[in-house]
Enquirer: 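Sharing a structure, written as C-alpha cells. Questions coming.
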Number of protein chains: 4
Amino acid sequence: MPAKSKPVEEKKTFIEEARRKQIIDAALQTIAEQGYTQTSFAEIAKSLGITKGLIAYHFNGKHDLITSAIHTILNRQGAYIRGRVEEETKGSAKLRVYIESSFEYISQNRSQFVALVDLWGSFTSPEEKKAFSDSAYDPCRAHLKKIFRIGVEQKEFGKFDEQSMASVIQGAIDGIMLQWVFDPKAVDLQESSRELSEMFVKRLKKA
Amino acid sequence: MPAKSKPVEEKKTFIEEARRKQIIDAALQTIAEQGYTQTSFAEIAKSLGITKGLIAYHFNGKHDLITSAIHTILNRQGAYIRGRVEEETKGSAKLRVYIESSFEYISQNRSQFVALVDLWGSFTSPEEKKAFSDSAYDPCRAHLKKIFRIGVEQKEFGKFDEQSMASVIQGAIDGIMLQWVFDPKAVDLQESSRELSEMFVKRLKKA
Amino acid sequence: MPAKSKPVEEKKTFIEEARRKQIIDAALQTIAEQGYTQTSFAEIAKSLGITKGLIAYHFNGKHDLITSAIHTILNRQGAYIRGRVEEETKGSAKLRVYIESSFEYISQNRSQFVALVDLWGSFTSPEEKKAFSDSAYDPCRAHLKKIFRIGVEQKEFGKFDEQSMASVIQGAIDGIMLQWVFDPKAVDLQESSRELSEMFVKRLKKA
Amino acid sequence: MPAKSKPVEEKKTFIEEARRKQIIDAALQTIAEQGYTQTSFAEIAKSLGITKGLIAYHFNGKHDLITSAIHTILNRQGAYIRGRVEEETKGSAKLRVYIESSFEYISQNRSQFVALVDLWGSFTSPEEKKAFSDSAYDPCRAHLKKIFRIGVEQKEFGKFDEQSMASVIQGAIDGIMLQWVFDPKAVDLQESSRELSEMFVKRLKKA
DNA sequence: AATGAATGAGCATTCATTCAT
DNA sequence: CATGAATGAATGCTCATTCAT
C-alpha cells in the first residue's frame with residue numbers, strides 16, 4: 001500500500017523537520033548563551049522541555065546537529081543577502097548592498113554569530129575545516145565573483161584578481177563581525193559597513 | 001649578599017618558565033592538530049613524554065593554560081609586528097608594514113593561528129569574551145591609532161574616524177587569516193596582504 | 001482518566017526510588033566495610049554490578065548521596081523508636097523504651113552505625129555541621145522532650161532542665177554506640193542499655 | 001668523639017620533635033577549620049609556610065601524621081584529667097572531677113575535638129578501629145575503674161559492673177561532646193557536666 | 001634539614017549514545 | 001514519536017609520595 005504510506009511519510013517528515021528546526025534554534029540559543037563546550041544535549045533538551053534522547057533521535061549524533069546548525073546560520077544569512085542584492089541592477093550597487101546587508105543581518109541576529117564563532121572550534125581535522133570552508137566561504141566568494149563580473153560587463157569595474165578580492169571583501173566583513181562578537185561596544189557596525197562599502201566600491205571602479 | 005640570592009631565584013624561575021613555555025607550545029601544537037575539544041591534559045602530556053599531573057602542577061587549571069597560550073600567541077605576534085613597524089619612520093610605511101608583517105607572521109606560524117581560532121570558542125561568558133577582546137584587540141587598535149597619529153602629524157594622512165578605521169584594518173587582516181586557517185589553498189596570503197596595504201594606504205592619504 | 005496516569009507515575013517513581021534505595025544501601029555497606037575515604041562511586045558501583053555513571057544519574061553528586069544515606073539511617077532508626085515508644089502510655093515506660101529501643105536498633109544494624117560514625121567527618125564547614133545537628137539531634141531531643149512532658153503531666157516526673165536532660169540522655173546513648181562501633185567487644189550494649197534506662201528513669205522520677 | 005656527637009643528636013631530636021609538634025598542631029587546626037577530607041599536606045604546609053615535602057620528611061606518611069595527631073589530643077586531655085583527679089582523695093570527688101575536668105578540657109580546646117570527630121572516619125579497617133579503641137578508650141575506662149576501686153575501698157561506692165559503668169560514664173561524656181562539636185549552641189556543656197557528675201556520683205554511692 | 005619538581009594512581013563528574021518500552 | 005534508564009569512555013583535577021639537589 002504505497003498510497004497509504006506516502007501521506008504518513010510526508011506527515012512524519014513535516015513534524016520531523018519542525019522538530020529539527022526547533023532543536024537547532026534552541027541549540028544556537030544555548031551555545032550563544034553558555035558557549036559550545038558548556039552546551040550538552042541535556043542542556044538543549046532542558047531549554048525545550050524535551051528529553052535528550054529525543055535529540056539523539058532526530059539527529060545522527062552531535063556532529064550532525066552542529067553541522068546542521070552551522071548550515072542553518074549560513075543559509076539564512078545567504079538567503080537574506082541574495083534577496084537584497086537581487087533588488088539592485090548595477091554592479092557597484094550590488095556590491096554595496098552585499099556588504100551592507102551582511103552587516104544588517106549580523107547586527108540583527110547577534111546570538112547566531114556568537115554561536116558561529118564558538119562552533120568554528122568544533123572542526124577537529126583539516127578535512128573538516130576544509131569542508132566547512134567549502135560550504136561556508138566558497139558560496140560567498142562565488143556570489144561576490146558573480147557581482148564582480150556583472151560590474152565588469154557593465155564596464156563599471158576595472159581589472160583585479162577576482163579570487164583575492166572576494167577573499168578580502170568577505171574577510172573584512174567577517175573580521176569586523178568577530179570583534180563585535182567579542183565586544184559589541186568595541187566596534188561600530190554601521191560605520192564599519194559604510195567605510196567598507198565605500199572603500200571597496202571605489203577600489204573596484206575603473207580608474 | 002644580594003648577588004648570591006639572585007642566581008638561585010633565576011634558576012627557580014628558569015626551570016619553571018621553561019616548563020611552562022614547553023607545555024604551552026605542546027598545547028598549541030596539539031590544539032592545531034586535533035582541535036581544542038580533543039585536546040586534553042593527557043594528550044598534551046603524552047606528546048611531551050610527561051605526566052598530566054605535571055601540567056596541573058605548573059598551571060592553575062585548564063583555564064590558566066589556555067589563557068597563557070592565547071597570550072603567548074598574541075604577545076609573540078605583537079612583538080614581531082612592533083619590531084618591524086619601528087623600523088619605519090613615515091606613517092604610510094608604518095601602516096604598510098603593520099599589515100604586511102601581520103601576514104608574514106601569520107603565514108610563518110600557521111599552527112598557532114589554527115589553534116587560536118579554535119580557542120576563540122573557549123570563552124563561555126560575555127565577561128570572558130570581553131576580557132579577551134580587551135587583551136587581544138585593544139592593543140592592536142591602539143597600535144594602529146598611534147600609527148594614524150604619526151601619519152596625521154606628518155601631514156600624510158587625511159581625516160577619518162580612528163577607532164572605526166582601526167577596527168576595519170584589523171578586521172580585514174583577521175578575516176583573511178580566518179579563511180586561510182580553514183583552507184590554506186583558498187586564499188593567497190601574499191596577494192591579500194599587498195591588496196590590503198595598498199588599499200588602506202591610499203584610503204588614508206590626503207586627497 | 002486519572003486512574004490511568006497514576007500507575008505510570010508510580011512506576012517511574014518506583015524504579016527511581018528502588019535504585020536510590022539500592023545504591024544507598026550499597027553505599028552504607030561499603031562505607032562500613034572500607035571506610036568513607038576509601039568509598040568511591042566506582043567501589044559502590046562495583047558492589048552492585050552497575051556503572052558509576054548510573055550513580056551520578058540517580059544522585060546529584062556525592063554530597064547528595066551521602067546526605068541521603070545519613071537521612072536514611074536516621075529516618076529508619078527514628079521510625080523504629082517512635083513505633084516502639086508509642087506502644088507505651090506511661091512517661092517512665094516511654095523513656096525506658098526510648099533508650100532500650102535505641103540500643104536494640106543499633107545492635108541489629110551495626111553496619112549502618114559504623115558508616116554513620118565515618119560520615120560524621122564528611123561535613124566540612126560549620127554550616128554543614130550545624131545542618132546535620134539540626135536534622136539529626138533536634139528531632140531526637142524534641143522526641144525526648146515530648147516524653148518528658150507526658151511524664152510531667154502524669155505527675156510521674158519531677159523538675160529538671162528539659163533541653164539539657166535531652167542532650168544528656170541522647171549523648172549517653174550515642175557515646176556508648178560510638179565505643180561499640182570501634183570495638184564491639186569492649187562494651188556490653190544490653191547491660192549499658194539497662195543501666196542507662198534505670199538510671200535516667202530514677203533521675204527523672206519525683207523525689 | 002662521642003661527647004661531641006651526643007649534643008648534636010639531641011639537638012637534632014629536639015628540632016625534629018619541635019617540627020613534629022608544630023606540624024601536628026597546624027594539622028589539627030586545619031582539620032578543625034576545613035574538615036579532614038579537605039586537609040592535604042599542601043594545605044597544612046601552606047599554613048606553616050613550609051613545603052609539603054618537609055611534612056613527608058618528618059612523618060612516615062599521612063597515616064603516621066593523623067595517628068600522631070590523635071594521640072596528641074588524647075594524651076593532652078588525659079594528662080590534664082589525671083592531674084586534676086590526683087588532687088582529690090575521696091573516690092566520689094575523684095569521679096566528680098574526672099567528669100568535670102573532661103568537660104573543662106573539651107570546652108577550652110574546641111578545635112581539637114572538632115578535628116577528633118573528623119578523624120574518627122580515618123580508620124578504614126576493623127583492625128584500625130580496634131587499635132584506636134584500645135589506645136583511646138581503654139586508658140579512660142582503666143582510669144575510671146581505678147577511681148571506682150578507690151571508692152569501693154573507701155566504702156563510699158556500692159556494687160556495680162565496673163566495665164559497663166566505665167563505658168557508660170565515658171560514653172555520656174563523649175556523646176555530649178559530640179553534639180557540642182556539631183553545634184556549640186545546642187548543648188550547655190557546664191549544665192551537662194553538673195548533671196552527669198551529680199547523677200553518677202549518686203548512682204555509685206552505697207544505698 | 002629542607003626544597004620543589006615530578007609522579008601516578010584515583011577521584012567525582014560530564015556526556016553523547018543506546019535501547020527497551 | 002518520545003521517554004528515561006543505563007552505559008562507558010573521557011576529563012580535569014587532587015594528592016600523598018618520591019627524590020635529586
Side-chain angles (χ1 to χ4, degrees), chain A residues 8 11-12 15-16 18-19 37-45 48-66, chain B residues 8 11-12 15-16 18-19 37-45 48-66, chain C residues 8 11-12 14-16 18-19 37-45 48-66, chain D residues 11-12 15-16 18-19 37-45 48-66:
Chain A
V8 173
K11 202 179 177 186
K12 236 177 26 178
I15 294 179
E16 168 84 13
R19 268 282 191 233
T37 54
Q38 308 296 331
T39 299
S40 60
F41 275 23
E43 208 72 32
I44 299 167
L48 281 174
I50 62 174
T51 63
K52 60 182 173 178
L54 191 55
I55 299 178
Y57 175 81
H58 284 287
F59 291 89
N60 224 344
K62 195 178 193 183
H63 190 261
D64 183 23
L65 170 58
I66 65 135
Chain B
V8 174
K11 202 178 179 183
K12 229 171 38 172
I15 294 179
E16 168 80 12
R19 267 282 189 235
T37 54
Q38 304 299 327
T39 300
S40 58
F41 275 22
E43 209 72 33
I44 300 167
L48 281 173
I50 61 173
T51 62
K52 60 183 175 173
L54 189 56
I55 300 178
Y57 176 76
H58 284 288
F59 291 89
N60 230 343
K62 194 177 195 184
H63 189 262
D64 183 25
L65 171 57
I66 65 140
Chain C
V8 174
K11 202 177 179 183
K12 232 173 34 176
F14 178 73
I15 294 179
E16 168 80 13
R19 267 281 189 238
T37 54
Q38 305 298 328
T39 299
S40 59
F41 275 23
E43 209 72 33
I44 299 167
L48 281 173
I50 60 174
T51 61
K52 59 182 175 175
L54 190 55
I55 300 178
Y57 176 76
H58 284 287
F59 291 89
N60 231 342
K62 195 178 195 182
H63 189 263
D64 183 23
L65 172 57
I66 65 139
Chain D
K11 203 181 178 184
K12 235 177 25 179
I15 294 179
E16 168 84 14
R19 267 280 190 236
T37 54
Q38 307 298 329
T39 300
S40 58
F41 275 23
E43 208 71 33
I44 300 167
L48 281 174
I50 61 173
T51 63
K52 60 182 174 179
L54 191 55
I55 300 178
Y57 176 79
H58 284 288
F59 291 89
N60 224 343
K62 195 179 194 182
H63 189 262
D64 183 23
L65 171 58
I66 64 138

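Just so we're on the same page: letters track the sequence lines, and every chain starts at 1.
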Enquirer: So, taking the atom named CD1 in C:Ile50 and the one named NE2 in C:His58, what distance separates them when rounded to the nearest 0.5 Å?
Expert: 7.5 Å
Enquirer: Let me know the distance between CD of B:Glu16 and C1' of E:dA6, rounded to the nearest Å.
Expert: 12 Å
Enquirer: Roughly how far, to the nearest 0.5 Å, is the CG atom of B:Leu48 from the CG atom of B:Leu54?
Expert: 9.0 Å
Enquirer: Sequence neighbours left out, what passes side-chain contact (heavy atoms from CB on, under 4.5 Å) with A:Asn60? Give chain and number order.
Expert: A:Asp64
Enquirer: Starting from P on F:dA6, measure out to CG on C:Leu48 and report it in whole angstrom.
Expert: 11 Å
Enquirer: Going 5' to 3' through nucleotides 14-20 of chain E, assign each nucleotide B (protein heavy atom under 4.0 Å from a base atom), S (under 4.0 Å only from sugar-phosphate atoms) or - (no protein heavy atom that close).
Expert: BSBBB--
Enquirer: Can you tell me the distance, in whole Å, between the CG atom of C:Leu65 and the C1' atom of E:dT13?
Expert: 14 Å
Enquirer: D:Leu54 CG to F:dA16 P: how many Å, rounded?
Expert: 15 Å
Enquirer: From the list E:dG4, F:dT3, F:dG8, which nucleotide is the closest neighbour of the side chain of C:Thr51?
Expert: F:dG8
Enquirer: Could you tell me the separation between the CD1 atom of C:Ile44 and the P atom of E:dT13, rounded to a whole number of Å?
Expert: 11 Å
Enquirer: Run the side-chain contact (heavy atoms from CB on, under 4.5 Å) test against A:Ala56 and tell me which residues pass, sequence neighbours left out.
Expert: A:Phe41
Enquirer: Starting at atom CD1 of C:Ile15, determine the distance to atom P of F:dA6, rounded to an integer number of angstrom.
Expert: 7 Å
Enquirer: Rounded to the nearest 0.5 Å, what separation is found between the CZ atom of A:Phe59 and the CZ atom of A:Arg19?
Expert: 11.0 Å
Enquirer: Using a 4.5 Å cut-off on heavy atoms from C-beta on, say whether the side chain of D:Leu65 contacts that of D:Ile44.
Expert: yes
Enquirer: CD1 of D:Ile55 versus P of E:dA1: gap in Å, rounded?
Expert: 16 Å
Enquirer: Which pair of heavy atoms, one from A:Thr51 and one from A:Ala45, lies closest together, and at what distance?
Expert: C-CB, 3.6 Å
Enquirer: Please map the stems of DNA chain E, keeping only stretches of three or more Watson-Crick or G-U wobble pairs with both distances under 3.5 angstrom.
Expert: E:2-21 with F:2-21
Enquirer: Answer yes or no: does a side-chain N or O of C:His58 lie under 4.0 Å from OP1 or OP2 of F:dG4?
Expert: no
Enquirer: As an exercise, state the distance from CD of A:Glu43 to NZ of A:Lys52, rounded to the nearest 0.5 Å.
Expert: 11.0 Å
